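Notes to accompany the following structure.
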Amino acid sequence: MPAPVEARGLVKRYGEIVAVDHVDLTVETGNVYGYLGPNGAGKTTSLRMLLGLIRPDEGAVRLFGRDPLVDGARALDGVAGFVEEPRFYPYLSARKNLELLAAYDAGGARDRIDSVLETVELTERAGDKVKGYSHGMRQRLGIAGALLRDPRLLLLDEPTTGLDPAGIRDMRDLVRRLAEQGMTIVLSSHILAEVEALCDRVAILRRGRVVFEGALAELRDAAGGFYALRTTDQARALRVCQAHAGLSGVRPDDGAVRFSGPEDAVASLSIALGEASVGILALVPHVATLEELFFDVTESERAAEPEPARAVGAAS
Amino acid sequence: MGGALTVYRWELRKLLSQKRTYIGLLFATAVPIIFVTTVAARNHGPEDVPFGRYVLQSGLAVPLVLLTFGAYWLFPLITALVAGDIVASEDHNGTLKTILTRSLDRAPIFAGKALAACTYAFVALLAMAVVALVGGGIMAGFHSLVSLSGTTVHPGRALVLIGGSFLVYFVPMLGIAAIGLLFSTLARNSAAAVVGTLMLSFVLQLVAILPGLGGIKPYLLTNQFFAWHGFLRVPTDWAPIGHALWVCAIWFVASLVVGAIVFVRRDVAGG
């Protein structure tokens with residue numbers, strides 16, 4: 001069965017600006033895929049290309065094997081989602097908006113209106129015009145509109161943006177529930193904690209380019225952790241560490257000795273320190289947070305690369 | 001086709017939920033009321049307009065006088081009010097991305113919108129005709145009408161000719177609707193599209209009276225607003241009517257095809 005999302009060599013230029021620069025993405029069935037990047041990195045532009053809303057200048061998209069530009073709306077069979085904030089007709093009620101969308105959908109979308117309203121907890125306000133809705137309610141209505149299509153692939157662009165803490169919690173719970181039901185989800189976000197809490201794979205986008213793609217665990221492994229050691233004799237401890245097999249990156253750091261290495265090497269180090277009459281005051285493992293990894297990836301790219309094409313600011 | 005009809009039905013429902021719809025209809029019905037009230041109060045009809053001098057003799061002349069008045073700005077405006085808004089408002093609301101990520105292709109969505117814009121123009125014209133007839137009937141009764149050839153036309157026959165005249169009058173309105181739709185798709189801004197459509201209509205009328213440009217006058221869209229005069233001649237003069245049909249068809253098809261191509265291919269980057 002073809003992958004839910006397969007994008008190859010996507011490029012979108014706006015004049016001199018390259019908003020998306022040769023992006024490759026593969027999202028497998030069952031993935032909760034985080035599409036991470038700072039604002040302006042090209043996330044929304046990529047998602048719009050996935051949904052067939054804008055034409056890539058180069059490259060192609062396949063959703064379950066179908067190209068939105070070739071197969072039109074048929075390519076969106078089993079696909080739903082929204083880019084930026086979901087928008088509705090303000091002068092119609094939520095229910096009328098969903099009825100309109102259901103009419104534009106094939107199949108039994110209309111029969112699902114009540115259940116999706118219940119899923120997003122908007123049943124009681126369904127008769128109110130959308131112009132009176134709060135931002136959070138519109139976000140939830142956006143999810144309801146997407147669920148009407150009974151999707152196998154859900155594309156969500158910054159779904160928690162602008163929500164209050166309770167709204168963020170509810171939205172994350174909802175995404176988690178949908179993922180548990182087996183839905184493949186692509187979630188774009190610039191909020192690292194969100195991706196950390198929900199996603200199993202990530203692509204990190206910077207200035208229109210994918211600078212990391214893989215499992216979250218791989219990202220952590222790639223960046224690795226380190227240990228900070230404080231002892232009764234830092235000078236001697238530094239020498240012991242430098243001589244100890246299996247450790248790397250040994251250096252003094254803010255009154256401690258900092259190094260990386262596998263657990264067994266760290267265990268034998270503690271014995272070696274004891275044998276050298278160095279008392280251990282603290283040996284603290286430090287696991288990199290996703291935030292640090294994210295900045296590691298994006299900042300190191302920035303430092304390492306010559307200035308590539310500029311990314312779009314507003315049309316992230 | 002089914003998709004276009006689905007969109008058409010929903011476009012009509014959306015129109016019914018918007019104030020703008022009723023403003024256009026209010027214009028269309030207020031103008032004949034104001035006209036009849038003024039003529040009745042002054043006991044004098046407009047002399048320099050076809051059928052103007054007969055409005056106090058027969059109420060059947062009232063809708064025909066208003067067809068001439070309406071050609072200059074009223075019907076271009078009412079038509080543009082919805083046609084110019086019908087795509088651009090989706091841009092403004094950001095709802096284009098909402099409807100374009102469902103199961104309908106862009107072409108039937110555009111077709112449904114075009115159909116709705118044309119329907120609105122027709123309803124506005126019909127509303128004006130009905131109010132003008134009722135108002136004229138109350139003011140002067142339904143008596144025989146004097147045709148443009150000077151012959152007397154009995155009320156029953158006159159009603160048929162008025163019906164035909166309104167249908168022929170609707171043809172250039174379809175052209176205006178297609179232009180409004182094109183501008184609505186290009187401009188992505190309702191006000192610009194509505195004003196643009198109206199301005200184009202004014203420019204075409206201006207071109208028609210500029211010296212030295214008489215050769216293109218028969219091919220101007222706005223000129224076809226007077227083709228219905230052919231119906232009110234005895235015998236019926238079909239030449240201007242046939243001419244109006246093909247001239248308007250060119251304006252209509254060209255605007256609609258360009259609009260549809262732009263709509264189908266355009267990037268939806270906003271909203």
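Source: prediction; values computed, not measured. Within every chain, numbering begins at 1; the chains are lettered A, B, ... in the order of the sequence lines, protein sequences first and strands thereafter.
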Under 30°, 30 to 60°, or over 60°: which ring-plane class applies to B:F27 and B:W73, parallel, tilted or perpendicular?
perpendicular

Can you tell which part of A:F82 gets under 4.5 Å to a heavy atom of chain B, answering side chain, backbone, both or neither?
neither

Applying a strict 4.5 Å limit to non-hydrogen atoms, the region of B:K19 in contact with chain A is neither

Residue among B:R266, B:Q18, B:R9, B:R13 with most heavy-atom pairs under 4.5 Å to chain A:
B:Q18

Interatomic spacing from CG in B:L125 to OG1 in B:T79 - rounded to 0.5 Å:
8.5 Å

Which class fits the ring pair B:F263 and B:F110: parallel under 30°, tilted 30 to 60°, perpendicular over 60°?
tilted

For A:L101, which atoms come within 4.5 Å of any heavy atom of chain B: side chain, backbone, both, or neither?
both

Please flag which part of A:K129 lies under 4.5 Å from any non-hydrogen atom of chain B: side chain, backbone, both or neither.
neither

Side chain, backbone, both or neither: which part of A:P68 has a heavy atom under 4.5 Å from chain B?
neither

Under 4.5 Å from a heavy atom of chain B, the part of A:L76 involved:
side chain

Using the benzene-type ring in the case of Trp, are the ring centres of A:Y133 and A:F88 under 6.0 Å apart?
no

Name the option with the most non-hydrogen atom pairs under 4.5 Å to chain A; the candidates are B:V264, B:T6, B:V7.
B:V7

Side chain A:Y89, main chain A:A94, donor-acceptor under 3.5 Å:
no

Highest number of heavy-atom pairs under 4.5 Å with chain B among A:D77, A:L100, A:L51, A:V79 belongs to A:L100

Identify which part of A:K12 has an atom lying under 4.5 Å from any heavy atom of chain B, answering side chain, backbone, both or neither.
side chain

Minimum side-chain heavy-atom gap A:L92-A:V130 below 4.5 Å
no

Aromatic plane relationship, B:F122 with B:F170 - under 30° parallel, 30 to 60° tilted, over 60° perpendicular
perpendicular

